[in-house]
Student: 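Structure incoming, see below.
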Amino acid sequence: MTMRIVEDPGSMSGLSARWRKQGERIGLVPTMGALHAGHASLIRRSRAENDRTVVSVFVNPTQFGPKEDFSAYPRPFSADTLCCRREGADALFHPSPEAMYPAGSASFVEVTGLSETLCGAVRPGHFRGVATVVLKLLNIVGPHRAYFGEKDFQQLVVIKRMARDLDLPVRITGCPTLREPDGLAMSSRNAYLPPAERAMAPAIHAALAWGAALSRQPLTPRTLLGRIRERLRAIPGASVDYVALVDPETLQPADALRPGLRLLTAVRLGRARLIDNVITS
Ligand code: AMP
């Protein structure tokens with residue numbers, strides 16, 4: 001079956017309206033492109049649970065800060081098209097920034113509280129941009145289900161809360177993080193890592209996995225986080241933005257260790273800012 005490449009939001013809405021009229025269930029996988037096996041796993045999950053799968057590829061300007069990598073973000077569109085075809089997507093939605101944000105666009109979605117902690121504290125406005133573009137994509141495509149990776153855990157929590165608070169008729173599904181064989185979470189930004197930093201990067205997941213195992217000991221969250229921070233700081237060239245242990249729904253700091261908490265970190269390694277998280281068991 002041929003995959004359609006759609007650039008115009010109106011045409012995308014029309015196509016999914018026709019699918020819905022035929023009684024078909026639609027899954028949406030929002031991405032910024034530079035697709036890798038992590039994205040492919042979301043596409044596969046959507047295909048398994050829906051009749052039609054739409055992958056959006058849009059590098060969203062409103063979620064980048066003025067000093068961030070919007071212009072430098074990789075845009076290998078031919079490879080992304082091949083990946084979507086190979087994974088059996090029905091449509092690739094690839095709008096231009098002008099089509100998504102026509103002149104005079106003035107409306108934004110803010111998920112307060114959840115957006116200001118962790119990555120939001122270091123990237124003001126980031127989650128406002130994410131929530132806004134995801135709501136727009138959901139409105140354009142009108143999927144029954146939408147798929148997000150746990151790799152961006154705070155993003156997943158923000159989107160779930162937005163869907164609940166604004167009564168969106170969509171089910172938000174979180175999918176497990178795909179990793180390289182050495183443990184590094186797959187990410188489009190890993191391409192920024194020069195060989196020396198790439199060699200160090202798996203130590204981030206190793207520190208979190210070690211911390212999750214340590215969380216079964218009778219420690220306070222403060223002591224546990226101190227030990228993990230020490231390990232992260234020992235990675236040559238690394239600077240730790242944050243390491244936190246939080247409730248998986250409120251993102252509030254945990255006051256005692258228990259299974260099911262999220263242990264998250266953001267670490268700068270050279271030019272790249274890498275995030276990762278694990279669950280405590
Ligand atoms: P991005 O293109 O980086 O905005 O990511 C698009 C979607 O793919 C988001 O929901 C991400 O959480 C998800 N994703 C990115 N990397 C991974 C990964 N390694 N494993 C699973 N999902 C991922």
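Counting starts at 1 for both ligands and their atoms, in listed order.
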Student: Identify, for atom 12 (O) of ligand 1, the protein heavy atom at the shortest distance, and state residue, atom and that distance.
Tutor: Asp152 OD2, 2.6 Å
Student: Can a donor-acceptor pair be found between the side chains of Ser281 and Arg216 at a distance below 3.5 Å?
Tutor: yes
Student: How does Pro176 reach ligand 1, by side chain, by backbone, by both or by neither, if only non-hydrogen atoms under 4.0 Å count?
Tutor: backbone
Student: Looking at ligand 1, is there an atom of it that comes within less than 4.0 Å of some heavy atom belonging to Ala37?
Tutor: no
Student: Would you kindly specify which portion of Glu150 sits under 4.0 Å from ligand 1, judged on non-hydrogen atoms: side chain, backbone, both or neither?
Tutor: neither
Student: Is the closest side-chain donor-acceptor distance between Tyr73 and Asn60 under 3.5 Å?
Tutor: no
Student: Determine whether the side chain, the backbone, both or neither of His36 has a heavy atom under 4.0 Å from any heavy atom of ligand 1.
Tutor: side chain
Student: Check for a donor-acceptor pair, side chain of Thr280 on one end and backbone N or O of Ala212 on the other, with a separation under 3.5 Å.
Tutor: no
Student: Starting from atom 20 (N) of ligand 1, locate the nearest protein heavy atom and write down its residue, its atom name and how far away it is, to 0.1 Å.
Tutor: Leu178 N, 2.8 Å
Student: Please indicate whether any nitrogen or oxygen in Thr177 is less than 3.5 Å from any nitrogen or oxygen in ligand 1.
Tutor: no
Student: Under a 4.0 Å heavy-atom limit, does Leu42 contact ligand 1 with its side chain, its backbone, both, or neither?
Tutor: side chain
Student: When you check the side-chain N and O atoms of Ser46 and Thr53, is any donor under 3.5 Å from an acceptor?
Tutor: yes
Student: Considering distance alone, does some N or O of Gly149 sit under 3.5 Å from an N or O of ligand 1?
Tutor: yes
Student: Counting only N and O atoms by type, is there a donor-acceptor contact under 3.5 Å from the side chain of Gln155 to the main-chain atoms of Val130?
Tutor: no
Student: What atoms in ligand 1 come closer than 4.0 Å to a heavy atom of Phe148?
Tutor: 10 (O)
Student: Can you tell which part of Met186 has a heavy atom less than 4.0 Å from ligand 1: side chain, backbone, both or neither?
Tutor: both
Student: Would you kindly specify which portion of Pro30 sits under 4.0 Å from ligand 1, judged on non-hydrogen atoms: side chain, backbone, both or neither?
Tutor: backbone
Student: Please tabulate, for side-chain N and O atoms in residues 4-11, each donor-acceptor pair with protein atoms closer than 3.5 Å (sequence neighbours left out).
Tutor:
from	atom 1	to	atom 2	distance (Å)
Asp8	OD2	Gly10	N	3.4
Asp8	OD2	Ser11	N	3.0
Asp8	OD2	Ser11	OG	2.9

Student: What's the shortest heavy-atom distance between Gly23 and Asp51, and which atoms?
Tutor: O-OD2, 4.2 Å
Student: Specify the protein heavy atom at minimum distance from atom 1 (P) of ligand 1: its residue, its atom name, and the distance to 0.1 Å.
Tutor: His39 NE2, 3.6 Å
Student: Hey, is CD on Glu249 packed in by over 12 heavy atoms from elsewhere, all under 6.0 Å?
Tutor: no
Student: Find all atoms of ligand 1 within a distance of less than 4.0 Å from any non-hydrogen atom belonging to Thr31, and give their numbers and elements.
Tutor: 2 (O), 6 (C)
Student: Gln155 heavy atoms, cut-off 4.0 Å: which ligand 1 atoms fall inside?
Tutor: 9 (C), 10 (O)
Student: Judging by distance only, is a nitrogen or oxygen of Met32 under 3.5 angstrom from one on ligand 1?
Tutor: yes
Student: Hey, is Glu150 close enough to Arg262 for a salt bridge, meaning N to O under 4.0 Å?
Tutor: yes
Student: Please confirm whether Arg171 makes a cation-pi placement over Phe148, using NZ or CZ under 6.0 Å from the six-membered ring centre and within 45° of the ring normal.
Tutor: no
